Every structure is written in C-alpha cells, then in structure tokens.
Amino acid sequence: MLTALMLLASCTGRQTKTEEGEEFNYFVDQFEDMRVFRYRLPGFESLSLRQKELIYYLSEAALCGRDILWDQNFKYNLLIRKTNEAIIKSWQGDKETPEYKSFITWAKRVFFANGIHHHYSADKMLPSFSKEFYTSLVKGSDQSLLPVGNGKTADDLLAVILPVIFDPDLYPRKIERGEGKDIIAESAVNFYEGVTAREVESFYNGKINPADPRPVAIGLNSKLVKKNGRIVEEVYKSGGLYGEAIDRIIYWLEKAKNVAENEIQKKELEVLIQYYRTGDLKTWDDYNVLWARNTEPVVDYVNGFIEVYEDPMGMKATWEAIVDYKDPEATRRTETITANAQWFEDNSPVQPQYKKEKVTGVAAKVINIAMLGGDCYPASPIGINLPNSDWIRKEVGSKSVTLANISEAYDVMSARSGMLDEFAASKEEIERVRKYASIADALHTDLHECVGHASGKLAEGTDPNALKEHQSALEEARADLFALYYMMDNKLIELGLLPEKEAAMAEYDSYIRNGMLTQLVRIRPGKQIEQAHMRARAMIARWAYENGKDENVIELFTRDGKTFVKINDYEKLRNLFGSLLREVQRIKSEGDYEAGKTLIESYGVKVDPVLHNEMLARYEKLKLAPYTGFLNPRLVPVYNDKGEITDVKVEYEQDYLSQMIYYGTNYSFLPAILN
Ligand code: ZN
C-alpha cells in the first residue's frame, strides 16, 4: 500500500541546505493543478561504491518499465505521448503563441498523469487548444519521428488520436466506479478488452480456492481479453505482454544481482527475475517472502506489478518501481514503534478475536528515495507498506517505509504556501500546526505504515477480496484510524516519540480540516471523491463529525462568509476514532461488504457542491497547485579504462520537460506504432 500525501500546510525547521551549504531549490515547474519539485539525496556521497553501483542498476531497472504503465492506463496513451514528443522535439513554428503554450501545458499534464486521464480524478484532461491547431502541429513536425509504420501517414495517425484526445464523450474516465454502471466497460483503463464485470468475476471465480491458506494474487499481472468469443489472459512477462520492456528490466536486475548487499538480496533478485521471465504468481509470492524478510540491506527497492488502485475490480496491478536507501537518523523513530508493535495491537479498541496474537516482523524504516519509476513517478507516495498479500503479511510480516526526502520537499514547500493561514480555524491552531505538524505528520505516517496496515486479522474463511471496490478505501481508513487513535495516547510521549499532547492535537486539527474541507480542492467542480485515500479521509472526518454532533465534538462554523472546522473535544474525538476503528476492523475481518459499502458511500464519496465551490474559490486565490510530482535526479556512473564503475554522481536536473523527453528517448521499449 502507498500512503499518499495529505494536503496540509506544515511548517518545519528541517535542514534544507545542501552539503555545500547552499539553499537547495526544490521548485521546478507548475502547470494548472500540478506542480513539480525536486528532491535531495542526502548522504548519498557517503554510501560505499558497491551500494552506489547497486542503486544505479536498480534505478535503470526502475526507469525501463515506464511505457508499461502508460499502456496500462489507456491503450492509446503511448501513441499520443510519442506524437507529443515528436512535436516538442521538431516543430519549428512560433512557440510564444497562446495556442502553443496551451499545447505545452496539456502535454505536461499528460506527462505528469502518465496518460491523458488525470492521475487523481481519473477524468480525461481535455485540451483548450483546437483540433485544427493540433493537426497543424503534427503535420508540421518531423514526420520520421511520428509513431507510424507500414506506409501509414500523419493523416492516419490523426484519424485515430484526434477523437480520442478531443471528444469529451469518448473514453471520458480512466476508472468508473459509479453506481449502476458497468465499471469495466465504462473505464478506459487497459486491463480488460471486450469483457464485462460479470464475465471477469466468473472467469476468476473458478480459479480461486477459498480454502487455500496461501492464495496467490489471481489476475494480478495480466490483461483479460475476449478473442473470438473466448476469454484469454495475456500475462505480463518476458516473451508475453510488455515483454520488450520487461526484458530491459531483467537486464538491469541481473547487473544489480551481482552487487547485491547480502546473499538473501541476491537470491531475492534471482527470484524476481525468474518471475519476470515466467509471470508465475507463485514465484511472485516466493519473491515477496524473501524481500519482506530481508531488512538488513541499506539499499532496497520496489519493482513489479503491485498496487491495484487503478483497476475498478481491484485485481490487476499497475507497474511501479522505487529505489531507496536508509536514513539512519529517522529510522530510530520507526524502530521504536516497531519494537512496541505488540503493545499497540494488544491495547487497540479492536475486538479481541480480530487482533493478531503475534504481530510479526513489521520492519519499519525511514528511507531516502534515489529514483522513482512507473506508477510512483512523478507523483510519489510518502510512505510504502509492502507486500500486499495478506497471508505473507500475516506469516512473514511486511516492510514499511517512510520516504524522508520526499516528505522533506513537501514540508519545506508547503510551509511557504499560505494554505494554513487561509483554512485553519484560529491563530492558536495555526501556531500549533506550525510548531508540531512536521513531527506529528511524520509520526502519523509511521503509525499508519508500521502498525496500522500490519494490525488485525481476518476471521477464518473470510475472502480477502470480499470488500471489492471498497477494499482500498477501507484499508486506508483502517490504517489511518489506527494511527489517529494512538496519536493521542500517552504511550507516544512515554516512548519519546511525541514531545507533548499538543502535537497530537495539531495532527487532529490537520486531519479533520483536510478530510472535511481542504482535500476538496483536489476535486473538479461537479465531481465526487474517487481516490481511495481521499475517500478514507472524508469518511473518517465526516463520520466523526456526524457521530459527535450531540456533544459538539467537531464544529463547523462560518466567519466572514467562509467555512471553518474546529475540534472542541480532542479526547472525545479520540474515542470516536477508536469506535470507528473497531467497526472498520470488524468489516475487514468478517468481509462485511454491505457495511463497508454503506460507510464509504454515506461519508466518503459525495461532495456538497456549495462547500466545494467555496473551497475551490478560496484555494484559487492562493494560486497553488494541489498535485505534486517529483523530478528525478540523474545518476551518472563514472567508468575507468577497464569499463568498471568507479563512482556514481548525482546530478540534480532542472527542467521538467527535458526529463520527460529524455525518458521518452532513452527508456521507451514498447512498440507503440500505428501500422
Ligand atoms: Zn496506507
């Protein structure tokens, strides 16, 4: 699972100087609702040569799968991206006109979203320039750069992509979860072709053995296609679907294997390569068992088909990759939490039968990202807890990481943003959040990842996928509630993790403000809440508001025509979080789909249009972009005469579009050509 960023303004006194002592420039670019920052690689210089070499190879592997994600998101994405790249590289006309600038803005947003649908809202991002103008760009570009073959021309290409780009009714949404719709037929995402939701269910139902204590993640790494009336599974593997890109990933993983930090890591990389060769999901589980156990290495990575957020059926995974190395200072904090994991489990408000008797191996650490790839780029998570398989989590445990350098960039930049001044309810709250948000926010993420996701167990015989389309939102809610419940516990102060209760109050302030109000700025007018983490936050905040109404625990009020939210009783709010945690755990443990659906649909989805418009208008005045992505550094190996790597240098790139074009030129391996 990934932890996405909470949209809050936190202030921090964290170190922002580079090792040379200059101020590090985080800001790179901003276009409409998206902005791009850079992140630093603190301590990279002091890693050993072997570790740097390992990071370099894994980073190459992380970049080689980029095309896979583009194709998974939508079947025409690669064709459109390659066309845009041809225009940006070769079109010679006037680049200062409003139309061309508007094209560039749209192209940047498409690069950011890894496709023409918004990465968060899932809506198609319609251009504000004309079809005719786009046609003139395509025709005025170097024709040899266009993605066409076999005698096909720019006209043939345009005939295919113009309606896809410009027609608002064609493929309007990447993921459709709306009621009364066929969530597969009406989702543009490319996991299924020619099949209905019912057909998918019946295809996989026969393949799932509910009695298997160690079930593989059926359907995780394949596309389901109807061919001549028969449904077939096209597996992502070497020689199979996406084989060309997977072979490049394997090439770099082979090199990484030779400089692995220990024998398990070497073995683990061998098994991962084996999995990419065969597509076998049992091998994927074997790999994950090794990976989850191996907490020793300084350098670690994620590489594979992992998260199922983008599949309306919650089954098929997008490709993602990160490369990271340990941040020794901050790791001490999460080790304290992990060392007390059993205490947290035993003392939670969850019903005893749904608690783990033994919380195993919650390996928590704070890491710095060295490279982001696939579904983690450019919009990066701030925390990761993997593997996702329930039985592996139960028997072996999971690895949980907080992405320190990514969080740092967020914190530094949001402290300068003005969000807090606009939306916080009082001066007192602003001061509290300024003082404590950085530590409280980091602690919330740690608790969410290290003990939240890792806690609890299923009742015997419960299908781990019973919650279906609400699975992700409920799971994020469960982890958030676990974190929120413990934020206010004296235990954290005892353990030296929180300086005082006020820090926890700052976290409650931020969470409720975000869940009830500020996260609405990430949603377009007229739309509902779709994204799993956002649904979880809305559900928790609004449920607590409604259920604490009698005692006025949370209060909504207006001042100068603006809506604010404030917490009147923090202890009572904590109790409400505890009750909801107990209920959400029960829902998960028993697979109570109906109850889960009711919770999410009653509190986590709908948007009050009046409040929404107010939030958007206030936010608009701040001139901020709600979605943040990150430019990767470039890792440059230094070779000696014998062709051996003697060092790896970090170059911090400056230009967003250049990185996109560089990746398109050097890391595009899927044959997306119209012919
Ligand atoms: Zn999570």
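Whatever order the structure lists them in is the order used to number ligands and atoms, beginning at 1. Bear in mind the structure is a predicted one, so any value in this text is a computation, not a measurement.
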Say whether, by atom type as modelled, one donor and one acceptor occur between the side chain of Q342 and the main chain of E357 under 3.5 angstrom.
yes
Honestly, is R513 close enough over F423, meaning NZ or CZ under 6.0 Å from the six-membered ring centre and within 45° of the axis?
no
Specify whether an N/O/S atom of H448 falls short of 2.8 Å from the Zn ion (ligand 1).
yes
Is the Zn ion (ligand 1) less than 2.8 Å from at least one N/O/S atom of E476?
yes
What's the atom name of the N, O or S in H453 nearest to the Zn ion (ligand 1)?
NE2
Is there a donor-acceptor contact under 3.5 Å from the side chain of T462 to the main chain of L458?
no
Does atom CD of E460 have more than 12 heavy-atom neighbours from other groups under 6.0 Å away?
no
